[in-house]
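Have a look at the structure below before the remarks.
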Amino acid sequence: MKGRNVTVRIWEEETGYKTYDKIYEKKWVLPGNENFIKVPITKRIYELGITPEDFKNEKYDYKFQVYFIEIEPDNTHVTSQVIPISKTAPKLEVEKSPSVAIIKEPREKRKEKTNDTCGIEYRDKISCTKYGNTYGPVFWGDLKLANYNEWNLLLSKNKITLEEKEIIIGMSENEGKLDSVQSYDSEIVTVGAMQKTVNPQGYGEFPIQMHEFKDEYPDKFKSLFQNCGWDVKKEVIKNGNKEIIKWKAYYQDITGKELKDKIRAGFNAKNYKKKVQCIPVEPLVSAARDPYFQAKQIEDFIKRLHVALNETVVKTFHLNTKKVKIADSNFAFKAKDILKSKLGKATLLDQSVNRPALTKFDLGSAINRFFEKNPKVSQSPNDWGLKHAEYEKQILDDYGMHRNGTDMPGRYNRMKNNSHLK
């Protein structure tokens, strides 16, 4: 590229990829094969990205804009992958052999951008693994929650507080990657850092997440999921006078056992630890690596934390075997009345991600043991005053080590040593 004349353009893209506004254009002579051009995003440039239609859109966010860079060598039209503008954006490796691809139509005429690849770039990165005697595909991922690029955006949009950010980062080492996808256990498929699943019948937490994402970002959903074969459908089940709404995931109009078999075709002992093609999983990897869908994952972590903190803690719990009836009684306080520290909240979230139905019982058991050892302590946390941190630590060390779940002592010790939770 040394000595070549190029035109550099910057485009502002509206949410949903439906319109493009050119906010910058200038010709440059490149002094070398690797070049750096600084373009300040001024107020004038920023305002060029706001159209009259934006003012009519009640959902338009004036604090946020998406930019694309287009570089056009003189007398040559080339198309390349879209490179995100961020500090962590990967360097694009240019083909060594001469190669020219023609842009089929000018950007101004494009009505909608779609995810044409549907994750095909991950075709040689999906491995065959096993869980017990079951073989299936896995993409382990490499995007840690702690390394999520858009924390500041979520903070600025009040989607998350600074404490919540610290809590998620602090417990993130215990979770999967943001872009992990697997299908090697009892579920049809599992996606993302919270390991949300499509269960054997096609329902589960991931279809719910798909539905919510579809409602919030319909164009993104179409690009990442629908155009690539995946969809989520609503089912209404009547139970007497009540209607239960459920969401079911489909790939190419199949779900359940048929979908599980399709996803796992070719994954067997012969291909163990080898790379195996799995076209249905590729779009899920692509979606899990999308910044919008990653933000959805983060928001779901926060929602899960709020639900767990607002649950009333169960005081006693037993099963009456003769009548086959569960009986319980509650404390007069919620989990958030006990757990005030970042470590306490992270420990609760850590279990809620894995065993959400058991947090109020396991925390209640730890509180019971605390009161048995300290009978003179008030059973109202509001009375603890300056002693609250001390009492919480005693309860937390018990709860953290004795929660139901996989490797809970190890998970708790890792969080105790995490600087974000100090």
So do [Y] and [X] actually touch side chain to side chain, heavy atoms under 4.5 Å?
X	Y	result
Y148	L154	yes
V313	F361	no
I237	K242	no
E25	V8	no
I188	N199	no
N310	K336	yes
L155	I160	yes

Listed partners of [X] passing side-chain contact (heavy atoms from CB on, under 4.5 Å), at least two apart:
X	answer
V285	Y122, F139, V181, V281, R289
S365	R369
N413	M401, K416

* **ring-ring contact (aromatic ring centres under 6.0 Å, His included) contacts touching residues 252-275 (sequence neighbours left out)** => Y135-Y272
* Ring centres under 6.0 angstrom apart (F221, Y217) -> no
* To do: Kindly say whether the aromatic ring centers of F225 and F293 come within a distance under 6.0 Å.
  => yes
How long is the straight-line distance from [atom2] of [Y] back to [atom1] of [X], given to the nearest 0.5 Å?
X	Y	atom1	atom2	answer
N147	K177	CG	NZ	9.5 Å
H420	L343	NE2	CG	13.5 Å
I367	E372	CD1	CD	12.5 Å
I279	I263	CD1	CD1	12.0 Å
L348	R403	CG	CZ	9.0 Å
L349	L309	CG	CG	8.5 Å

If you compare all heavy atoms of [X] against all heavy atoms of [Y], which two are closest, and at what distance to 0.1 Å?
X	Y	value
H388	P381	ND1-O, 3.8 Å
I395	A366	O-CB, 3.9 Å
E121	D124	O-OD1, 3.9 Å
C228	L224	SG-O, 3.7 Å
A249	M210	CB-SD, 4.2 Å
P356	T359	O-OG1, 3.6 Å

Report yes or no: does [X] contribute a side-chain atom to a donor-acceptor pair with the main-chain N or O of [Y] at less than 3.5 Å?
X	Y	value
Q195	G192	yes
R411	N174	yes
N268	N271	yes
D337	K334	yes
H211	P207	no
W230	P280	yes
Q182	Y184	yes

Under a plain distance cut-off of 3.5 Å, with no hydrogens placed, do [Y] and [X] share a side-chain donor-acceptor pair?
X	Y	result
K248	T255	no
Q209	D300	yes
Y399	Q351	yes
N368	K315	no
E392	S341	yes
T197	E205	no
E164	H306	yes
Y412	D350	no

Determine whether more than 12 heavy atoms belonging to other residues, nucleotides or ligands lie under 6.0 Å from atom [atom1] of [X].
X	atom1	value
K275	NZ	yes
K233	NZ	yes
N239	CG	no
K393	NZ	no

* To do: Take S183 and R264 through the test side-chain contact (heavy atoms from CB on, under 4.5 Å) and record every step on the way to the result.
  => CA-CA 7 Å; S183 175; R264 298 184 183 182; 2.9 Å; yes
* K303 vs E212, salt bridge (Lys or Arg N to Asp or Glu O under 4.0 Å): CA-CA, chis, key distance, verdict -> CA-CA 13 Å; K303 187 186 298 183; E212 292 173 349; 3.6 Å; yes
* Asked: Excluding sequence neighbours, so at least two apart, what forms side-chain hydrogen bond (donor to acceptor under 3.5 Å, both in side chains) with K257?
  -> D261
* Asked: Mind checking what makes side-chain hydrogen bond (donor to acceptor under 3.5 Å, both in side chains) contact with N354, not counting sequence neighbours?
  -> none
* Asked: Using the ring of each side chain (for Trp, its six-membered ring), is F331 parallel, tilted or perpendicular to F371, with breaks at 30° and 60°?
  -> tilted
* **Test side-chain contact (heavy atoms from CB on, under 4.5 Å) applied to Y24 and W11, step by step** => CA-CA 7 Å; Y24 175 90; W11 301 82; over 6 Å; no
Are [X] and [Y] close enough for a salt bridge, meaning some N to O gap below 4.0 Å?
X	Y	answer
E163	K345	yes
D290	K220	yes
D231	K214	yes
E235	K246	no

* To do: Apply side-chain contact (heavy atoms from CB on, under 4.5 Å) to the pair D185 and T134, showing each step before the final yes or no.
  => CA-CA 7 Å; D185 53 22; T134 302; over 6 Å; no
* Verdict with supporting geometry, D142 and D179, side-chain contact (heavy atoms from CB on, under 4.5 Å) -> CA-CA 7 Å; D142 54 23; D179 55 338; 3.3 Å; yes
* Which one of E311, R304, K360 satisfies the side chain to side chain contact (heavy atoms under 4.5 Å, CB included) criterion with S352? -> R304
